[in-house]
Amino acid sequence: MTTPDPALPDFADVLGAAARIAPHAHATPVLQSRALDAEAGAALRFKAEQLQRAGAFKFRGACNAVFALDDAHAARGVVTHSSGNHGAALALAARLRGIPCHVVVPENAVRAKLAAIAHYGAQLHPCAATIQAREAACARVQADTGGTVVHPYTDPRVIAGQGTAALELLTAHPDLDALVVPLGGGGLAAGTALAMRALAPECELFLAEPAGAADGARSFAQGRLDHDFVPDTVCDGLRGTLGAINFSLLRAAHAQVLTVEDADTVAAMRLLWTRTKQLVEPSSAIALAAVLAHRDRFAGRRVGIVLSGGNVDLDALATLLAPAA
Ligand SMILES: Cc1ncc(COP(=O)(O)O)c(C=O)c1O
């Protein structure tokens with residue numbers, strides 16, 4: 001028997017997170033569509049996190065991290081770097097707790113997401129769009145403020161919080177054969193793995209990743225983290241690199257990566273809007289795109305899909321959905 005690593009979150013942390021965030025987060029609905037079931041040849045159950053507060057599952061992890069702080073740490077505020085959804089989620093959670101929030105944002109971040117972070121009252125700190133620049137700026141702001149860094153996907157409190165979406169989905173639908181979630185840094189995926197191991201150990205975990213940011217697929221293929229890539233994808237939430245703690249939890253869960261072309265993701269986004277009237281962002285539509293691009297893996301099965309967020313840049317929407325010339 002192996003001894004659990006105390007630094008890794010476990011299912012008890014997911015349950016703790018669920019209780020902690022319950023007064024603040026929405027228990028989002030699970031949607032179904034006959035048209036999309038027919039399209040996929042499978043029974044699809046969509047966990048609608050685009051209807052979560054701040055428009056993405058990210059609020060779950062951020063809220064758990066903020067409300068887990070003791071008063072002395074909380075008073076100094078929280079700090080993070082984020083291209084968008086985590087920043088907005090942390091800003092909202094900090095506002096609910098009444099504490100300061102600082103968000104380091106890359107110059108190429110989606111405008112609508114920057115506006116949301118500012119709207120929730122956080123202070124923005126722009127920096128160059130590399131992961132190194134983001135981490136350096138974050139360390140600087142942390143040193144200046146004495147705040148607590150809440151990493152968007154490697155923080156165990158964040159991972160446990162993200163796991164509450166699958167906890168709700170599997171509690172309502174314990175009979176799923178497969179669960180598909182988008183993969184960026186792996187916070188959502190790792191939290192999902194914790195909930196699955198406890199509630200649906202037979203259910204298979206699939207990670208949908210853009211072909212233009214496929215560090216996850218390469219890392220799984222090689223059995224070690226491979227961060228050597230320059231992201232090129234419309235999925236702005238999935239450009240981060242897979243975290244070490246996340247990789248470790250996902251390997252233990254025997255997760256499988258499915259890479260998806262951007263064109264398929266945009267087609268899935270269009271399909272979701274047309275058939276279910278749900279406007280989701282590309283980083284979210286990729287999970288349905290993965291199912292449709294790999295139909296034979298899912299045919300005849302009950303498949304959970306986490307629709308992870310709905311923060312679409314409306315100014316860029318027409319260009320994104322325009323048919324290729
Ligand atoms: C909408 C959306 N989906 C999925 C992800 C990926 O989450 P993670 O980094 O936890 O893998 C993000 C990350 O920003 C996101 O914003």
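Count residues from 1 along the sequence. Keep in mind that the numbers below use all heavy atoms, side chains included, and drop hydrogens, waters and symmetry copies. Remember, it's 1-based here, ligands and their atoms both numbered in the order they're listed.
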- Message: Run the side chain to side chain contact (heavy atoms under 4.5 Å, CB included) test against His294 and tell me which residues pass, sequence neighbours left out.
- Response: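 By the side chain to side chain contact (heavy atoms under 4.5 Å, CB included) rule, His294 matches Leu258, Arg297, Phe298.
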- Hey, does Leu238 have a side-chain heavy atom less than 4.5 Å from the side chain of Glu209?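 Contact flag for Glu209/Leu238 side chains = no.
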- Write down the atom of Pro182, the atom of Ser308, and the distance for their closest heavy-atom approach.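 Scanning both residues, the minimum pair turns out to be CG-OG, 3.4 Å.
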- Task: With sequence neighbours left out, write down each residue that passes ring pair (Phe, Tyr, Trp, His ring centres under 6.0 Å) with Phe11, or none if nothing qualifies.
- Result: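 Checked Phe11 against ring pair (Phe, Tyr, Trp, His ring centres under 6.0 Å); zero matches.
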- Item | Residue pairs involving residues 140-160 (criterion salt bridge (Lys or Arg N to Asp or Glu O under 4.0 Å); sequence neighbours excluded) |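 Listed once each, the pairs are Asp155-Arg157.
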- Message: Rounded at 0.5 Å granularity, tell me how far CZ in Arg60 sits from CD in Glu49.
- Response: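 Here the interatomic distance stands at 4.0 Å.
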- Mind jotting down which protein residues get a heavy-atom contact under 4.0 Å with ligand 1? Chain and number order, please.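 Within 4.0 Å of ligand 1, protein side: Phe57, Lys58, Asn85, Tyr153, Pro182, Leu183, Gly184, Gly185, Gly186, Gly187, Leu188, Gly237, Leu238, Glu281, Ser283, Ser308, Gly309.
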